[in-house]
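Here's the structure we're looking at; comments come further down.
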Amino acid sequence: MLERFPTVPTGKKPDAVPCNSKKPKIRPPNTLREKIIQHPLPYYSGPYSVGMMDVEVPARDPRHFSDIKRDHKYLLQLDTVLMSIWYPSGRGNGQGRSPEGLKKWGRPTWLPRPRIETAKGYGRFASLPDFISVPLFGATTAFTKIPAWKNSPLAEHWPPEENSYEGGYEVKTRLGRVPTGETESPVFPLLIFSHGLGGTRTTYSSLCGEFASYGFIVVSVEHRDGSGPRSYINYPKDSPKSQEGYSKIDYVFPENNPMDTAPGNKQGVDSALRSAQIQLRLAEIEEAYHVMTLIHSGRGHEVAARNLRHKNPKAKSPIGASSRGLLGVNWESWKERFHLRQVTMIGHSFGAATTIEVLRHQDRFKYVGQGIIYDIWGAAIQPPEEEPGHRIHTPLLGINSEAFMYWNDNFESVMKLCKEAKDQGALCWLMTVRGSVHLSQSDFTILYPKICSLFLKMTVNPRRAIDLNINASLEFLRHVMPDRISAMNRGRNEHLLDVRTLDKLPAEHKPDERWMAMRLRIPHEARIRLTPRWIRRAVRKKRLESKADGKPISSLPKDPLGRVLDGLESLEMGDEVWMHVAPTKEELGRWGVELDGSHGHKYPEGPKDNGDQVDGNDGKEKEGRDESHERDHASDGVDRTGGMVEVTGDEGNDPSDPNVHKGLEQRYMDRG
């Protein structure tokens, strides 16, 4: 791995510093909402400030997918691709004149334009009338700004050694030393993000912005497959549909089965619709990647010329357009400034199912090197094709919410994916963030924390949930990406991937069947909510001190400003995640991953040839196996389950069992 150097003395002036400033300053993006309303979007914790661009360009090959029609028109059509590009931006941004030459720098709104229409789309998605949804979003998020600068210059400097947690937000003004053999300006890794049902290109701004602050170019695609609340499609002048100007697509409810996403739905998933949506999503990802290749090759000005999200004062402007468009972007500085290989594919929920299809089609997406799936919707996963190559051959990280972990069928689907990846020799981790719900990986829990706590029974601090997802993802990428790329990864190493795999699946917050996957159950909820926060903190401190036995107590999770990230049931660092699947030592060795034993973790050894194999004739374990010893592998550090949580299917069924909360309802996967 490349040697990391200390930062340059702060007295050295960077080229991009405004002439009226002796030292680059950081102006935190803030508006009236950040000063008045209690829950703005948090600033990003990486060593870089963040810039953002909105791009909508015509597709190379406009076409429709499947013969599904609504109102006598093909439902799923590819005409343009719309995406937001998040990226590490230069030092001193926000000072002086904007890249467009204006007095004030611009920030994108969290609710995509046109905001009233998007609010109506969300209302339709949530079965709320317009007279409720529009005032609701108008009073809460209509004026929320994302803490990123529009069209900000791309960063030209290497990151300092510290992130904002370690050195405060001032690290964004510092220079890092150029590693030996590297160019003066760093080349950043590329990441593509696919949103879930009800999502847009900005719904996951906290995740995308965090990755960008750590040196990733993030392409967040807004899918026009009927999975978002409402999206507008602008037609170019040379399109046969140019007379229409634009069209919109709202969330598509399956005919005669509008709740096909619900657990226990007797009709199941509308497989025809969901499969066609994934095919359109794959095509949109290909188009987005093509746009990035044009920018990489120095043809960004061509992309800007075709951009359909720029207001034209002399003509009728496209819907959802901005007066800034892509003005002021120095496209030459983008030339060959990011990697087109070893791309990371990430998705949430339905976007995670899309990610799986990308990973399985290595012949089509040769540039994708690894994948991360956040709280995948298992019912939307397409069955693998008979072709042996249509399998997961790349490293995979899965992060569940606790609410989805209790959904038996869904968890079984995720475990099958892990087995598929392991069978192909790929590294695989699967973990759960405790106290989290399905929305915890989006911005909704940050913007509406009290609603998510009261109605969804979320117990983790929403900002801490984002931190855990980001830190685990950065640890994963540091393991699996080439050393030259991962050398600039400044993420906090909390050793989240080193947590020991569970022996059994917990059930302490498992809800009733009717609330499955939607919310958690909080034992003694009224008592917890009525207990003042200072009392909860005192009790937690006393508990930590008793555990420490005279040693320094473990630190509590905090934000970069040093404020404790309290949750309804706060946990100390190290107990905030559960691990279900992890690589064995042998698997890590095959991928050249060095083990770090400094934190006391013992990686599982993997299956042994001593009777722990599976009988190939009937798929059952050999007779005479001591199952209790097999599950209790923590005592000797040897995992005889191949790095996967051990389950039998009988735990949790006996009400008289005092350990019923530690069990699960069925056998989740056929080990072999």
With no hydrogens and no angle check, do the side chains of [X] and [Y] hold a donor and an acceptor under 3.5 Å apart?
X      : Y      : answer
Asp467 : Tyr165 : yes
Ser349 : Tyr374 : no
Tyr214 : Glu210 : no
His509 : Thr459 : no
Gln370 : Thr394 : no
His195 : Tyr204 : no
Thr141 : Arg115 : no
Asp443 : Ser205 : yes
Arg281 : Thr354 : yes

Within the distance-only criterion (no hydrogens, no angle test), does the side chain of [X] pair as donor or acceptor with the backbone N or O of [Y] below 3.5 angstrom?
X      : Y      : result
Ser442 : Phe444 : yes
Lys172 : Tyr48  : yes
Asn400 : Glu402 : no
Ser152 : Trp149 : no
Ser401 : Phe404 : yes
Ser453 : Pro449 : no
Trp407 : Met516 : no
Ser220 : Arg201 : yes
Glu222 : Met83  : no
Asn489 : Gly491 : yes

Looking only at the aromatic ring of each residue, does the gap between the centers of [Y] and [X] stay below 6.0 angstrom?
X      : Y      : value
Tyr122 : Phe137 : yes
Tyr251 : Phe125 : yes
Phe211 : Trp86  : no
Phe188 : Tyr87  : no

Is the Trp377 ring parallel, tilted or perpendicular to the Phe350 ring (thresholds 30°, 60°)?
perpendicular

Shortest non-hydrogen separation from [X] to [Y] and the atoms involved:
X      : Y      : value
Pro160 : Pro47  : CD-CB, 3.8 Å
Pro557 : Glu576 : CG-OE2, 3.7 Å
Pro189 : Met481 : CB-CE, 3.9 Å
Pro112 : Thr200 : CG-OG1, 3.8 Å

How many angstroms lie between atom [atom1] of [X] and atom [atom2] of [Y], to the nearest 0.5 angstrom?
X      : Y      : atom1 : atom2 : result
Ile217 : Ile85  : CD1   : CD1   : 8.5 Å
Ser436 : Asn469 : OG    : CG    : 7.5 Å
Leu190 : Ile192 : CG    : CD1   : 5.5 Å
Lys422 : Ile392 : NZ    : CD1   : 12.5 Å
Leu207 : Tyr44  : CG    : OH    : 10.0 Å
Lys150 : Thr109 : NZ    : OG1   : 6.5 Å

So, [X] and [Y], do they make that salt bridge, N to O below 4.0 Å?
X      : Y      : result
Arg434 : Glu508 : yes
Lys457 : Glu525 : yes
Glu166 : Arg174 : no

Considering only heavy atoms from C-beta outward, does the side chain of [X] approach that of [Y] to under 4.5 Å?
X      : Y      : answer
Met345 : Leu191 : no
Glu494 : Glu475 : yes
Leu520 : Leu456 : no
Arg91  : His157 : yes

